[in-house]
Each structure stands twice: as C-alpha cells, then as structure tokens.
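The structure under discussion appears below in the form of structure tokens.
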Amino acid sequence: MNKQNQALTHTESDGSAPNHAVPRVLIVTAVDAEKEAVLRGLGDQAAEMFDVIAGGVGPAAVAASTAAKLAFAAAAGGKALAQGSPAPAGSDAAQASAASAGPLAGAGLTPAYTLVISAGIGGGFPGRADVGSLVVADAMVAADLGSQTPDGFLSVDELGFGSSRVAADAELAARLRHELQRAGHAVRGGTAVTVSTATGTAERAAELLRRVPDATAEGMEGFGVATAAKQFGVPALELRAISNAVGPRDRDAWRIKDALDALQAASSILREVLTS
C-alpha cells in the first residue's frame, strides 16, 4: 500500500501501547438497506476496522454527514467512535500534510480515517456496466453541477467556479477491481457520475455521456462523499452495485435485491484488499 494508506496505530482499551496496527475506514451509504448489505459483507470484520453510516440521499445530505463524521472522529482522537471501536490517535505525515489545507488546519487535529468509501447501488450505462455488475470508479464527477446556457450546459469547471471532479485513490481502485475480478465478479472502472435528479429518459442519459464520455455508473452520493473526504485530506473510493440501466425509467426492470447482494459480496473482500 502507498504511504497515505498505511495502517494507523490504535490505542488499546486499557491505555497500553498497541500490539498491532490496522487502517480505519469510513464507509458511507445513502440508505439503511445499503448499509445493512455492507455490514453483512463485512461480517465480524466490521468493528475491527470499519465504521459504516447511512448518510442520506443526495450529494448535499451525504457530504454533510460525511464531513460531520470525519470532524467528530478527528476531534475524538482515541475515544470510541459510533460502532464502539477505538479511533486512531494520529496519521502519517502525508495525510497530515493533506489535511492542512482543509477544516483541520490550525486545529491541531489529524484525520482518524485512512480512507472513505462511498458505497451503494446505482444505475449503469448500457454497454458499460450491466445490471448486476460492480463499478469501482476512477473518479467521481458532479455531472449536473454548472449552468444551462443557450449554447448548452457549462460545468462549474468551465464557469471557473471550482471543480466538479474528485479523483479516486487510483492504486486502491485498481487493486479492488483486480480482487473482485479474481473472485468472479463482473467489475468495471471509469467515472461514476453524481446527480441530484436520477436519469429517467434516453435523452438525459445521452446528455450525461456527452458531458462525461467515460461515465460508467450513476449515483446520487459519490461526489458529495468524495468532496468531504478531500476537505479532510483523506482519499476516497466509490463502489456501485448496478441495479438498473441509466435511461428510461422502468421499475419493473430494476434488480435491487441482486444489486444489494452484489454490494454485500464486494464488501466481504474489502478488509483483505485494504490490508494486503
């Protein structure tokens, strides 16, 4: 693993020096059904190195929930987090340096997590991510963050007001895709687009592909989670299990249970991937 993702050291419950080190990972879903699928996949590993929260639907709600969790964990230091496991007492120099540009700057705090993962079910672009497959994104893009003009859509980047793109941790994304493939899962990379209004027409799907040519999956939370993580100097990933095709809204064709099962299966190998 690269330096930024090396294991953090935990303080033992009796205050003694730790005899092992594990990374601490925050997984953020939108709703409880996704959270429960992730927890089933993690099994007994959950309390050891993961905190899993349902942060809400949409980029704003989930960004606020993620930022609040990251801030609380950093302030708590070695105190217990929501799931009763100890938070790390510090982080490596690279992570601390990255955090100096965000809300932790000047507060004497360092991130309590080595990684944040946006996980859930979502839409797949036909021919790129089939229903029932998995997407581990290379980047998270807010595809509808910008302005409509007489000449078409302009992204926030083109307007000069910021960036609509957050890159995933490339090394971890590649490793997770590799291990999922080894386990027999269909998995793709590419960009996961984040929208505030889920796509329901072929015209809208085509427009998203014009804006983001390498779009593979659509969700409503990835960019929000990744933006909050970036503010705290923590790398991010997005993991999507595909429940439906991006395009005309057809609820009869949705395979939500299959997607939740795929999300559970993908979660079951996270510890091995992140500690190898």
Side-chain angles (χ1 to χ4, degrees), residues 29-30 34 37 57-59 117-146 148 152-155 157-158 164-170 172-226 236-267 269 273:
T29 70
E34 295 166 325
V57 175
I117 301 175
S118 174
I121 66 175
F125 286 88
R128 303 184 180 197
D130 296 333
V131 174
S133 67
L134 296 162
V135 171
V136 179
D138 296 301
M140 291 68 74
V141 169
D144 53 9
L145 182 59
Q148 202 69 43
F153 177 81
L154 291 178
S155 70
D157 312 69
E158 294 168 309
S164 60
R165 179 184 182 90
V166 179
D169 184 293
L172 287 180
R175 185 184 306 146
L176 180 54
R177 283 194 296 268
H178 175 71
E179 293 301 325
L180 286 168
Q181 288 169 344
R182 283 187 60 193
H185 300 289
V187 59
R188 295 291 301 272
T191 293
V193 297
T194 299
V195 295
S196 295
T197 301
T199 297
T201 67
E203 292 76 16
R204 170 69 168 174
E207 172 63 20
L208 288 177
L209 287 175
R210 284 192 291 271
R211 295 180 193 176
V212 187
D214 66 342
T216 307
E218 176 188 90
M220 300 178 74
E221 292 79 34
F223 179 77
V225 172
L237 292 179
E238 181 167 359
L239 169 64
R240 287 282 159 191
I242 304 304
S243 60
N244 59 278
V246 178
R249 185 176 175 85
D250 180 7
R251 294 202 58 159
D252 291 337
W254 291 2
R255 287 167 48 191
I256 292 177
K257 182 182 183 303
D258 290 344
L260 290 172
D261 288 345
L263 181 62
Q264 176 180 334
S267 300
I269 72 167
V273 172

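Positions are given from 1, in the same order as the sequence printed here. Nothing here was measured: the structure is a model prediction, and the numbers come from that model.
- Pairing each heavy atom of L239 with each of A266, the nearest pair is CD2-CB, 4.0 Å.
- Within the model, atoms CG of L263 and CG of D258 stand 12.5 Å from one another, a figure rounded to the nearest 0.5 Å.
- Between L237 and L172 the shortest heavy-atom distance is CD1-CB, 4.1 Å.
- When all heavy atoms are compared, the tightest approach of V195 to A143 is CG1-CB, 4.3 Å.
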Identify each donor-acceptor pair in which a side-chain atom of residues 122-131 lies under 3.5 Å from a protein atom, sequence neighbours left out, and give them as a table.
residue : atom : partner : partner atom : Å
R128    : NH1  : P213    : O            : 2.6
R128    : NH1  : A215    : O            : 2.9
R128    : NH2  : P213    : O            : 3.3

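- Contact between I242 and A217 at its shortest, heavy atoms only, is CD1-CB, 4.0 Å.
- Within the 4.5 Å cutoff, the side chain of D214 has heavy atoms near those of the V212 side chain.
- Residue A262 comes nearest to L134 through the heavy atom pair O-CD2, 3.8 Å, listed as atom of the first residue, atom of the second, then distance.
- Of all non-hydrogen atoms in L208 and E218, the two that sit nearest each other are CD1-OE2, 3.3 Å.
- For S118, the side chain to side chain contact (heavy atoms under 4.5 Å, CB included) partners two or more places apart in sequence, or in a different chain, are E221, V225, E238, R240.
- With contacts defined as side-chain heavy-atom distances shorter than 4.5 Å, the pair N244/D250 does not qualify.
- Residues H178 and R175 have side chains not in contact (no heavy-atom distance under 4.5 Å, counting atoms from C-beta outward).
- The main-chain N or O of G120 is never found under 3.5 Å from a side-chain atom of T29 such that the two would form a donor-acceptor pair.
- For the pair R177 and D138, the salt-bridge criterion is met [side-chain N within less than 4.0 Å of a carboxylate O].
- For residues 191-209, the set of pairs meeting the salt bridge (charged side-chain N to carboxylate O under 4.0 Å, His left out) definition, not counting sequence neighbours, comprises D144-R204, E207-R210, E207-R211.
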